[in-house]
Amino acid sequence: MQTGCKKDVLHLQKVQKLNSNTASRLNRLKFVNDSVCIAAGGEIWSRSEVLRSADGGYTWTANAAPQVGKGMYGAGVSPAGGLYLSGIDGNVLWTVDGGASWKTNRIETWRPYIGGTFVTADTGIFASTVLQRECTISRVDSTFKVLDEQTFNFGLNDVVMANSSRGYVIGYGAVMITNDRGRTWNFQDVEGDNFTAMDIHESEIWMCGANGGVYHTTDGGDNWSNLRDGNNMTLPAYMLRDIVFKDKLHGWCVGDKGVVIHTDDGGNHWMEYERFTASTLRSIVLCPNGDLLTAGDDGALYRMIP
């Protein structure tokens, strides 16, 4: 069990601040292949921001996609390898060639979408949220026309597809699963946090929350374990935004005020790295060479060698 001892402070081998070419908030990082990584974000009502790296995340090009004038909050990769960025007013930017070219569409409901992707060539699943009060899961066709919608009385933070049939939506005190491409959704038996992100490795999943909790399942979500209890007052208080695992033992979370924490025992014990920024870190990904990339507020973009 983790304690708050000072001896648990870790030091990264190297931290490199990268030139993001922006001061806007960066919400999502996604690798689409071993070379190309996309960062998406912007200003909620005035600007979209899409950055592209073609060298594994070392250097970045700004204005990599058409400007849609609103912030982008979601990033999902389809089974076919397409990348879909979603945001305010139903805006979707998407690419099937690793960001070399982009297309724009708008989901006809004009909602604030926080995640989604296409699970088949003619069916996409996108989720929207109104603060932490209400969410809508929309299935759309290839023209982004809504096929059907389901609304629930809690907020959402992301939709994550494990494959073309199975996926999860996570949010304020709730996790739901679909096994039929978004036609039906069922609640899972896990609660106690505002769930913000999950990392899926087939049937093994790690998930984090804004209260600082970390959760784990080995059976696709039928049974969840609370590895780090964010409500435990004896532990350091974190607001966690994203999580990534390299293997069954080694994982990282990032969050508010520049926090980065690490586990080397599958999530049972977490240690904090010495902080290198005060900006909230909202996304973390594993690079093909084993380095880590993290991005967040104020255009924050860092490369880390654990």
Side-chain angles (χ1 to χ4, degrees), residues 28-34 36-38 40 72-87 90-99 102-103 105-109 111 113-129 135-152 156-171 174-188 190 195 197-207 217-224 242-245 283 285-286 288:
R28 303 284 185 182
L29 289 165
K30 282 287 184 183
F31 270 96
V32 294
N33 56 46
D34 285 346
V36 176
C37 188
I38 302 296
M72 308 305 290
Y73 287 82
V77 178
S78 72
L83 175 65
Y84 294 82
L85 307 178
S86 51
N91 286 304
V92 179
L93 289 163
W94 56 285
T95 177
V96 295
D97 57 12
W102 294 83
K103 295 182 179 180
N105 285 88
R106 175 172 278 123
I107 300 173
E108 60 182 355
T109 56
R111 290 193 176 97
Y113 285 86
I114 46 79
T117 187
F118 272 74
V119 294
T120 66
D122 57 3
T123 304
I125 300 173
F126 291 85
S128 66
T129 193
C135 68
T136 300
I137 305 170
S138 306
R139 291 197 316 129
V140 303
D141 66 15
S142 59
T143 67
F144 292 82
K145 180 180 176 60
V146 173
L147 298 170
D148 55 63
E149 292 185 328
Q150 299 176 64
T151 298
F152 301 90
L156 280 183
N157 293 308
D158 204 3
V159 50
V160 188
M161 298 302 298
N163 52 49
S164 61
S165 297
R166 178 168 61 96
Y168 304 81
V169 291
I170 59 176
V175 177
M176 294 194 299
I177 185 172
T178 180
N179 286 298
D180 57 8
R181 299 178 180 174
R183 291 181 177 86
T184 60
W185 295 89
N186 296 299
F187 285 95
Q188 296 204 293
V190 57
F195 305 110
M198 63 167 46
D199 189 27
I200 300 175
H201 298 254
E202 297 182 350
S203 293
E204 189 160 19
I205 303 170
W206 286 269
M207 179 170 63
T217 178
T218 59
D219 55 17
D222 290 337
N223 298 280
W224 287 92
D242 201 9
I243 187 169
V244 66
F245 266 74
S283 185
V285 293
L286 189 67

Q | side chain to side chain contact (heavy atoms under 4.5 Å, CB included) evaluation trace for Ile38 with Val36 | A | CA-CA 7 Å; Ile38 302 296; Val36 176; 4.2 Å; yes
For the atom pair [atom1] ([X]) and [atom2] ([Y]), what is the distance rounded to the nearest 0.5 Å?
| X | Y | atom1 | atom2 | value |
| --- | --- | --- | --- | --- |
| Leu85 | Trp94 | CG | CH2 | 12.0 Å |
| Arg111 | Glu149 | CZ | CD | 4.0 Å |
| Glu202 | Thr218 | CD | OG1 | 12.5 Å |
| Asn223 | Gln188 | CG | CD | 9.5 Å |
| Leu83 | Leu93 | CG | CG | 9.5 Å |
| Asn186 | Asp180 | CG | CG | 8.5 Å |

How about [X] and [Y]: do any of their side-chain heavy atoms sit closer than 4.5 Å?
| X | Y | result |
| --- | --- | --- |
| Phe152 | Val169 | no |
| Asn157 | Thr129 | no |
| Glu204 | Phe245 | no |

Q: Start with the C-alpha gap between Val146 and Ile107, add the side-chain angles, then the distance that decides, and say whether side chain to side chain contact (heavy atoms under 4.5 Å, CB included) holds.
A: CA-CA 7 Å; Val146 173; Ile107 300 173; 4.0 Å; yes
Minimum heavy-atom separation for [X] to [Y], with atom names?
| X | Y | answer |
| --- | --- | --- |
| Ile177 | Gly220 | CD1-O, 3.9 Å |
| Ile243 | Ala197 | CG2-O, 3.8 Å |
| Val159 | Gly116 | CG1-N, 3.3 Å |
| Ser86 | Gly115 | OG-N, 3.4 Å |
| Arg183 | Thr178 | N-OG1, 4.1 Å |
| Arg181 | Arg139 | O-CD, 3.4 Å |

Q) Between Tyr113 and Phe126, what is the ring plane arrangement, given parallel below 30°, perpendicular above 60°, and tilted in between? A) perpendicular
Q: Please state whether the rings of Phe144 and Phe118 are parallel, tilted or perpendicular, taking 30° and 60° as the class boundaries.
A: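 If you compare the ring of Phe144 with that of Phe118, the planes turn out perpendicular.
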Q: For the pair Thr117 (side chain) and Ser78 (backbone), establish whether a donor and an acceptor sit closer than 3.5 Å, ignoring hydrogens and angles.
A: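 Checking the backbone N and O of Ser78 against the side chain of Thr117, a donor-acceptor pair under 3.5 Å is found.
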Q.
So for atom CG, which belongs to Asp148, do other residues, nucleotides or ligands contribute more than 12 heavy atoms lying within a distance under 6.0 Å?
A. yes
Q) Between Thr217 and Asp219, does any side-chain donor sit less than 3.5 Å from a side-chain acceptor? A) yes
Q | Arg166: partners by salt bridge (charged side-chain N to carboxylate O under 4.0 Å, His left out), with sequence neighbours left out | A |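 For Arg166 there are no salt bridge (charged side-chain N to carboxylate O under 4.0 Å, His left out) partners, ignoring immediate neighbours.
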Q: Among residues two or more places apart or on two chains, list those pairs meeting salt bridge (charged side-chain N to carboxylate O under 4.0 Å, His left out) that have a residue in residues 156-165.
A: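 Listed by first then second residue: Arg28-Asp158.
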**Q.** Steps toward side-chain hydrogen bond (donor to acceptor under 3.5 Å, both in side chains) verdict (Asp97, Thr95)
**A.** CA-CA 6 Å; Asp97 57 12; Thr95 177; 2.8 Å; yes
Q | Among Asp199, Ile170, Val160, the one residue meeting side-chain contact (heavy atoms from CB on, under 4.5 Å) with Met207 | A |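 The passing option is Ile170.
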Q. Hey, mind stepping through Trp224 and Ile205 against side chain to side chain contact (heavy atoms under 4.5 Å, CB included) and telling me if it holds?
A. CA-CA 9 Å; Trp224 287 92; Ile205 303 170; 3.9 Å; yes
